[in-house]
Number of protein chains: 2
Amino acid sequence: MIESDELLSIRAAELYYEEDKTQDEIGSILALTRWKVGRLLAQAKASGFIRIEIVHPRARRLPVERRLRETCGLADAIVVSTSGVDDQEELQSRTAQAAADYLATLRPVPRTLGISWGRTLDDVSRHLEDGWASGVDVVQINGGVSLNRRAGTAASTAVTIAQKAGGHATLLPSPAILERLETKRAIESDRAVAAVLDLASGADAYLFSAGTADATSVLVDSGYLTPDDVSELVRRGAVGDVVGRYVNSNGAIVDPRLDERTIGLPLESLRAAQLSIAVIAGAAKHAVARAVVGSGLCTVLVTDEETALHLIENHPTVQDSEDHA
Amino acid sequence: MIESDELLSIRAAELYYEEDKTQDEIGSILALTRWKVGRLLAQAKASGFIRIEIVHPRARRLPVERRLRETCGLADAIVVSTSGVDDQEELQSRTAQAAADYLATLRPVPRTLGISWGRTLDDVSRHLEDGWASGVDVVQINGGVSLNRRAGTAASTAVTIAQKAGGHATLLPSPAILERLETKRAIESDRAVAAVLDLASGADAYLFSAGTADATSVLVDSGYLTPDDVSELVRRGAVGDVVGRYVNSNGAIVDPRLDERTIGLPLESLRAAQLSIAVIAGAAKHAVARAVVGSGLCTVLVTDEETALHLIENHPTVQDSEDHA
DNA sequence: GCGTTCTTTGCTCATATGAGCACGCGCAGT
DNA sequence: ACTGCGCGTGCTCATATGAGCAAAGAACGC
């Protein structure tokens, strides 16, 4: 029964899916009633013999999204299909596209959107369509405009997103990390900076990415940290950075001294936010993604299938809550 | 239109196939009429965005079979799925299984079945179920019983197939290739041998495989030919052997002198047969498969998907008919 | 500007499919 | 043997889907 029924269900599936026969026709071919065929087909599906895949760069993985939402307690999850993706480039692009799509269809439309900056966010900004919303103001939530070697990327990301929505951008005129705590305090209390930070903390939604904790980080690239600094952070458990702040696998700040010199929205504000969207893709970022999701830094995650599955596997339900400072 | 419709059809497909929504539900989600959704879905399928695959060791590829039948003018074609097959072993086994299944469901049941011998055929015999038919007599169509190193494989193949069908086996008591033409003639005219050959030429159906033209061939393994002999044959265009006879890519005999010393059914008998089933699998046998199919040696081919696609690509419609002798 | 033609849209209707149910068969306990 | 239970089977009926069609709309030439 088990054996022969399995084979029959395969034959039925071949005729149904590959030959577009009706269940009735299959019935007469295999000498079965059409109800039996229906059950065989259901059985084949249930046993996982039928694999249906949607192959398209814009395809999403709804079942994975659901699982991700459920196991990680996210308000929403966007998972892009990873099938047939050869290079990281493509994967980044697909994810950014998905994030752009998500933003564009977001309801209610946020009046102010707080964003970080970096390669990923810039990618999102470029994938957004002109007129994706009307009148969304964009605020930077962490510093880093001027020092960035690829001058203006951070600024242009914000400006592009705002322009395409017919709103205007507010930049955070400050470095990402200051060398001395006093300088940081001084800058922070500067009226212009304080106003932006204030605006940022009141944003309706946040959109940010995360960086890996290695020498390829934008913070290294921009000269805020040396590769050695990063190595030391890694030694102390850093898995990546979120809006310029290095966190360990529990999502806790790795180096409070460094963090104190970092300008921008504190991570707690992200955690408290009604809507904070993280865009994280690629195998290199699995660890940060886990930290971000596990520690409640985002309510919505946009990612690739592989990363999503990784997160589900290692269900990032925080086991130990805090780390030693 | 093209752009937005494509995206919509992907969204619809996700909801339909991955979330098991009804077209009507999708309609209300995407703000479309259910007919539009239906069309979008049809479009997605037509554009090839929906890939349905049946993952099972016994799964076949009906559409490929159809194409193979049509482009190669075969009476029937059996193509096994190659998805997720790691090793050659598995592929051989799947193909043999399919051949066994095909034999078992063959109608009308042949009264006498002519078979060759070798690893593939032996595999088929082992996959046949006991009682796969009732009263099928089996005849060997080419020599090679005694000399074979793996003693008795050829004989056991025939006997197994016959036994499982409740019929009896007739072996061809002769080497595959004789060293001297006179010996061959003498053996051929021996009453016992002649009777078997006569029986063989009158079989209702033939089942055979093909070997590659290299040192791994069973003919080398059995000591009928030396690796050097084979190299020479290859130099002269041999792509493999069929029932002990080496053919070139047009399916023509490579070395008529050698062929004259080979005992067994001539290839012309296979070509003239009402029903001759070739079982050929594996990348190494693409060339022989092409020769067999292209020169009409079989009316039915059992093979793997990869080989089938190769045959379809290089549609083996015989371009030049005969080769120089 | 106007008619023509081709495409797209929303429909009706026939068909295909799935849910739920009652029957009958086989099996075990008494 | 009898009876109760469980399972697979084939059914009825509601629902989902696809074919075909007429009208609306867009694109084009005159």
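Below, read A as the first sequence line, B as the second, and so on, with proteins coming before strands; counting in each chain starts at 1.
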Undergrad: Provide, to the nearest angstrom, the distance between the CG atom belonging to Asp5(A) and the P atom belonging to dT9(D).
TA: 7 Å
Undergrad: Could you write nucleotides 16-21 of chain D as a row of B, S and -, 5' to 3', where a protein heavy atom under 4.0 Å of any base atom gives B, of only sugar-phosphate atoms gives S, and otherwise -?
TA: -BS-B-
Undergrad: Does this structure show an ion pair linking Arg60(B) with Glu18(A), if we count only N-O contacts that are shorter than 4.0 Å?
TA: no
Undergrad: Who passes ring pair (Phe, Tyr, Trp, His ring centres under 6.0 Å) against His127(A), sequence neighbours left out?
TA: none
Undergrad: For Phe49(A), enumerate each residue passing the ring pair (Phe, Tyr, Trp, His ring centres under 6.0 Å) test, keeping only those at least two apart in sequence or located in another chain.
TA: His56(B)
Undergrad: Which donor-acceptor pairs under 3.5 Å do the side chains of residues 297-304 of chain A make with protein atoms, sequence neighbours left out?
TA:
unit_1: Thr299(A); atom_1: OG1; unit_2: Ser276(A); atom_2: N; d: 3.0
unit_1: Thr299(A); atom_1: OG1; unit_2: Ser276(A); atom_2: O; d: 3.4
unit_1: Thr303(A); atom_1: OG1; unit_2: Ile280(A); atom_2: O; d: 2.5
unit_1: Asp304(A); atom_1: OD1; unit_2: Gly282(A); atom_2: N; d: 3.0
unit_1: Asp304(A); atom_1: OD1; unit_2: Thr307(A); atom_2: OG1; d: 2.6
unit_1: Asp304(A); atom_1: OD2; unit_2: Glu306(A); atom_2: N; d: 3.2
unit_1: Asp304(A); atom_1: OD2; unit_2: Thr307(A); atom_2: N; d: 3.1
unit_1: Asp304(A); atom_1: OD2; unit_2: Thr307(A); atom_2: OG1; d: 3.2

Undergrad: Taking only residues two or more places apart in sequence or in another chain, which ones pass salt bridge (Lys or Arg N to Asp or Glu O under 4.0 Å) with Glu305(B)?
TA: Arg61(B)
Undergrad: Output all residues satisfying side chain to side chain donor-acceptor pair (under 3.5 Å) with Glu25(B), sequence neighbours left out; order by chain, then residue number.
TA: none
Undergrad: Using salt bridge (Lys or Arg N to Asp or Glu O under 4.0 Å) as the criterion, list what pairs up with Glu90(A), not counting sequence neighbours.
TA: Arg94(A)
Undergrad: Please give the angle, rounded to 10 degrees, between the axes at the start and the end of the helix from dG1(C)-dC30(D) to dT30(C)-dA1(D), where five pairs define each axis.
TA: 20°
Undergrad: Test of understanding: with salt bridge (Lys or Arg N to Asp or Glu O under 4.0 Å), list the residues that count as partners of Asp24(B), not counting sequence neighbours.
TA: none
